[in-house]
Asker: 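One structure coming up, written as structure tokens, with questions to follow.
What you see below is based on every heavy atom in this structure, not just the backbone, and it leaves out hydrogens, waters and symmetry mates. Whatever order the structure lists them in is the order used to number ligands and atoms, beginning at 1.
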Amino acid sequence: MKPILPALLLLACTLVWTSLAAPGTPLRILIIDGQNNHKWDITTPVLKHALESCGAFSVEVSTTPPKGSPAEAWAGWKPAFGQYAAIVSNYNGEPWPEAVRKDFDGYVKGGGGFVSVHAANNSFPEWKEYNQMIGVGGWGGRDEKSGPWLYVKEGKLYRDTSTGKGGAHGPQHEFVVEIQDAAHPITRGLPKRWLHAQDELYSRLRGPAENIKILTSAKSDLTAEQEPNLMVLDYGQGRVFHTTLGHADYSMLCRGFYETFQRGTEWAATGDVKQTADIPSDFPSENQLSVVELEGHPKQPRPVAKKP
Ligand code: ZN
């Protein structure tokens, strides 16, 4: 019997590999949270639902030690990035241990997928590789030394190298998102302009902004420019989808956020959008908001703030 066992093991491994690679099999995704100046404990379940509700993903969550934890607590936090098709960050907090940063950089550089959601782009102002991955970020002392302010002017990507702080937003409001690149798999077939639920409109983001494409933008009342909301980047062999949308659960429950987050995560994981390509019949239009109902989460928490 002995010689048969290795052969059986090999067969079993081949079967597992085949099923992992088969089209239609849920993509394994890891969401990282644990520290944020936003309510990560409320928004992570929405992100998880957004991915799992479309059937294309299976999602696990890894929560870092809380702020101020000793090094021993951090020593026990070592996500196995390589087991996932993409990593989603809902994290904005203390630096990760150096070994984890190195692992993460190697994972994305080596062909992994990364999705940065809203305040994840506030994180790690001093981590050079992370800023290359996200392209642009805000706050945390970011300024002209972090890189140019990136926006869209007359349909073209514009890099403003003048001095100034990186990161700004006015009061939350609903705003129209405009497609700037309709050919990308993430935006293909979506309405040119659609109304996004109450959110912060991130503006004046700065960073190295290399190997970056702006897929959508929205006109900021603060800067009067078209500020990027959805971006894609190449980083080594890996792919990064960066959404600045998603301040709160009610912002994420926008059908437009759900659809673009699903597509962006599939694209980061595989380089294409197949399983999530169908456009829902209730996708928002330029004038009509569309909100996903999820138990325990408000559709709109308060009257929409007046524009500044
Ligand atoms: Zn926010």
Asker: Does this structure show an ion pair linking Asp143 with Lys165, if we count only N-O contacts that are shorter than 4.0 Å?
Answerer: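 Salt bridge: no.
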Asker: Counting backbone and side-chain atoms alike, does His169 have an N/O/S atom under 2.8 Å from the Zn ion (ligand 1)?
Answerer: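 His169 does not place any N, O or S atom closer than 2.8 Å to the Zn ion (ligand 1).
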Asker: Checking side-chain polar atoms at under 3.5 Å, does Asp181 have a donor or acceptor matched by the opposite partner on His184?
Answerer: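 On atom types as modelled, these side chains do not qualify, holding no pair under 3.5 Å.
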Asker: Counting backbone and side-chain atoms alike, is an N, O or S atom of Glu200 positioned under 2.8 Å from the Zn ion (ligand 1)?
Answerer: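 Within the cut-off used here (under 2.8 Å), Glu200 does place an N, O or S atom near the Zn ion (ligand 1).
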Asker: Parallel, tilted or perpendicular: which fits the ring planes of Phe175 and His196, with parallel below 30° and perpendicular above 60°?
Answerer: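 Rings of Phe175 and His196: perpendicular, as their planes differ by over 60°.
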Asker: NE2 (His118) to the Zn ion (ligand 1) to NE2 (His38): angle, nearest 10 degrees?
Answerer: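 Approximately 100° at the metal, rounded to tens of degrees.
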Asker: If you consider just the N/O/S atoms, which atom of His247 is the closest one to the Zn ion (ligand 1)?
Answerer: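 It is ND1 of His247.
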Asker: Side chains of Thr163 and Glu144: any donor to acceptor distance under 3.5 Å?
Answerer: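 Their side chains do not contain a donor-acceptor pair, so the 3.5 Å distance test is not met.
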